[in-house]
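Below is one structure; the comments refer to it alone.
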Amino acid sequence: MDFGLMIIGDEILNGRHTDAHFAFVKQALLQRGLRLAWVEYVADVRSEIVARLQRSFVAGLPVLVTGGIGATPDDHTRQSAAMALGVELQMHEGAAHLLNTVVAARLNETDLNSAVQQQRLQMAMFPAGADMIPNPYNQVAGFSIREHYFFPGFPVMAHPMMEWVLETHYQKEFFKEQHAMHSAMVYGLQESQLTPLMIATESNFVGVQTFSLPKVGESRYSIELGVKASGDACALIDEAWQQLCQQVLALDGEITHNENI
């Protein structure tokens, strides 16, 4: 099963913070037999977020969205999700209750109607129809709607929340579809020489995909060459890979880091 990842925040795009979500999500999905189909980085611009969400809501994939669900003026994700769906923001009773409980227990505030608390409660305003995602770090919930899952930008909060979503909503999809890949480094050949071999491999082994990535700027020119497959095509991948490697060797190419030859 494939997922999308949308990372929202100027601090990522301008380099003030290093993105920690991509590597985590990729690994978390891989460990469960799921795949990351795409990743997008989006600025804290409401019109941009709305446009990206409108597109992803109709694409049919579950999407993990991080960032911008706070209550400060530069947080636009909650409002953008509502606008993209054409619904209003509504106070989520469960999320509001958690916020009130946290304030009463941890901050020793007794006036839950104060202006400060009312501002905090903006974080419990979700698009109409959204469900709550629990946040074990500080109880400030995220939300989900239409298989889009919205998390804080902070990895210490977002990552356990993402794992909760996967375990709660997608456990039946774990390892449901098989994926396989082989790759190796090829020396002594150009991509133009490998391309006909790649085309032939995909033609002869339906469902098997090839890929290549030149390594430039190194002392010795090389190309990472590989094959990948999903589902029933995984049964073909070993034969396809062995044949492709034999063809590379027949052109006097050199293959390293390859356990299949």
Side-chain angles (χ1 to χ4, degrees), residues 1-9 12 19-44 46-70 75-96 98 123-137 140-155 157-179 230-231:
M1 184 174 188
D2 291 346
F3 284 74
L5 172 62
M6 189 178 298
I7 300 168
I8 298 171
I12 300 295
D19 168 41
H21 298 301
F22 172 71
F24 174 83
V25 169
K26 181 180 177 182
Q27 187 62 24
L29 294 174
L30 181 64
Q31 290 174 344
R32 295 166 173 83
L34 307 171
R35 293 199 309 173
L36 183 61
W38 56 261
V39 58
E40 289 185 336
Y41 294 88
V42 187
D44 288 312
R46 190 171 299 189
S47 60
E48 285 291 319
I49 302 171
V50 170
R52 303 293 183 93
L53 286 173
Q54 284 176 331
R55 184 175 65 192
S56 66
F57 274 126
V58 299
L61 289 185
V63 179
L64 309 177
V65 185
T66 73
I69 63 170
D75 290 313
H76 303 286
T77 303
R78 292 178 292 106
Q79 300 91 330
S80 298
M83 292 174 65
L85 291 169
V87 300
E88 299 294 325
L89 286 174
Q90 294 181 351
M91 184 73 69
H92 189 283
E93 292 185 4
L98 284 174
M123 292 185 288
M125 295 289 287
F126 300 158
D131 295 317
M132 184 175 69
I133 300 175
N135 179 347
Y137 185 82
V140 180
F143 64 93
S144 66
I145 188 167
R146 295 269 298 272
E147 284 199 282
H148 280 54
Y149 303 91
F150 295 84
F151 312 97
F154 302 103
M157 301 180 193
H159 294 176
M161 295 169 73
M162 290 175 179
E163 291 188 311
W164 180 89
V165 164
L166 296 177
E167 295 290 336
T168 302
H169 296 291
Y170 295 99
Q171 195 170 91
K172 291 182 179 180
E173 301 297 330
F174 291 179
F175 299 103
K176 190 173 182 178
E177 184 175 16
Q178 184 182 1
H179 306 287
S230 299

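For clarity, every value in this text was computed on a predicted model and none was experimentally measured.
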Close side-chain approach of [X] to [Y], heavy-atom, < 4.5 Å:
| X | Y | result |
| --- | --- | --- |
| Arg46 | Met83 | yes |
| Pro127 | Leu89 | yes |
| Leu53 | Phe150 | yes |
| Leu29 | Leu166 | yes |
| Trp38 | Met6 | yes |
| Val39 | Lys26 | no |
| Pro152 | Asn135 | yes |
| Phe143 | Met123 | no |

Report task. Would you check, one step at a time, whether the test side-chain contact (heavy atoms from CB on, under 4.5 Å) holds for Ile8 with Asp44? Result -> CA-CA 6 Å; Ile8 298 171; Asp44 288 312; 3.6 Å; yes
Value rounded to 0.5 Å, distance of [atom1] in [X] from [atom2] in [Y]:
| X | Y | atom1 | atom2 | result |
| --- | --- | --- | --- | --- |
| Thr66 | Phe24 | OG1 | CZ | 11.5 Å |
| Met91 | Glu93 | CE | CD | 10.0 Å |
| Ile69 | Ser80 | CD1 | OG | 12.5 Å |
| Leu36 | Leu30 | CG | CG | 10.5 Å |

Query raised in the report: Can you tell me if CD on Glu88 sees more than 12 non-hydrogen neighbours from other groups inside 6.0 Å?
Result: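 No, because the 6.0 Å sphere around CD of Glu88 holds 12 heavy atoms or fewer from other groups.
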Query raised in the report: Considering residues, nucleotides and ligands other than Phe57, do more than 12 of their heavy atoms fall under 6.0 Å from its CZ?
Result: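 Atom CZ in Phe57 is crowded, with more than 12 foreign heavy atoms closer than 6.0 Å.
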Give the minimum heavy-atom separation between [X] and [Y], together with the two atoms involved.
| X | Y | answer |
| --- | --- | --- |
| Gly67 | Thr77 | O-OG1, 2.7 Å |
| Met132 | Ala141 | CG-CB, 3.2 Å |
| Lys172 | Lys176 | O-CD, 3.9 Å |
| Pro136 | Pro134 | CD-O, 3.7 Å |
| Ala130 | His92 | O-CD2, 3.6 Å |

Query raised in the report: Taking Val63 as the fixed residue, which of Glu147, Arg52, His148, Arg146 is the one that meets the side chain to side chain contact (heavy atoms under 4.5 Å, CB included) rule?
Result: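 So, applying the side chain to side chain contact (heavy atoms under 4.5 Å, CB included) to Val63 and each of Glu147, Arg52, His148, Arg146, only His148 qualifies.
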**Report entry** Identified side chain to side chain contact (heavy atoms under 4.5 Å, CB included) partner of Phe151 from the options His21, Met162, His159
**Finding:**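 Among His21, Met162, His159, the one that satisfies the side chain to side chain contact (heavy atoms under 4.5 Å, CB included) with Phe151 is Met162.
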Query raised in the report: Strictly under 6.0 Å, is that where the ring centroids of His169 and Tyr149 end up?
Result: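 Yes - the distance between ring centres of His169 and Tyr149 falls below the 6.0 Å cut-off.
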Query raised in the report: Under a 4.0 Å N-O cut-off, is there an ion pair linking Glu173 with Arg32?
Result: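 Not counted as a salt bridge, because no side-chain N and carboxylate O are separated by less than 4.0 Å.
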Report task. Decide yes or no on side-chain contact (heavy atoms from CB on, under 4.5 Å) for Phe126 and Ile145, but give the supporting numbers first. Result -> CA-CA 9 Å; Phe126 300 158; Ile145 188 167; over 6 Å; no
Query raised in the report: Does the pair Glu40 and Ser56 meet the rule for a side-chain contact (heavy atoms from CB on, under 4.5 Å), with working shown?
Result: CA-CA 11 Å; Glu40 289 185 336; Ser56 66; over 6 Å; no
Requested in this report: Can you label the angle between the Phe3 ring and the Tyr170 ring as parallel, tilted or perpendicular, going by 30° and 60°?
Outcome: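 The rings of Phe3 and Tyr170 stand perpendicular, inter-plane angle above 60°.
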Query raised in the report: Taking it one step at a time, do Met125 and Arg78 satisfy side-chain contact (heavy atoms from CB on, under 4.5 Å)?
Result: CA-CA 8 Å; Met125 295 289 287; Arg78 292 178 292 106; 3.6 Å; yes
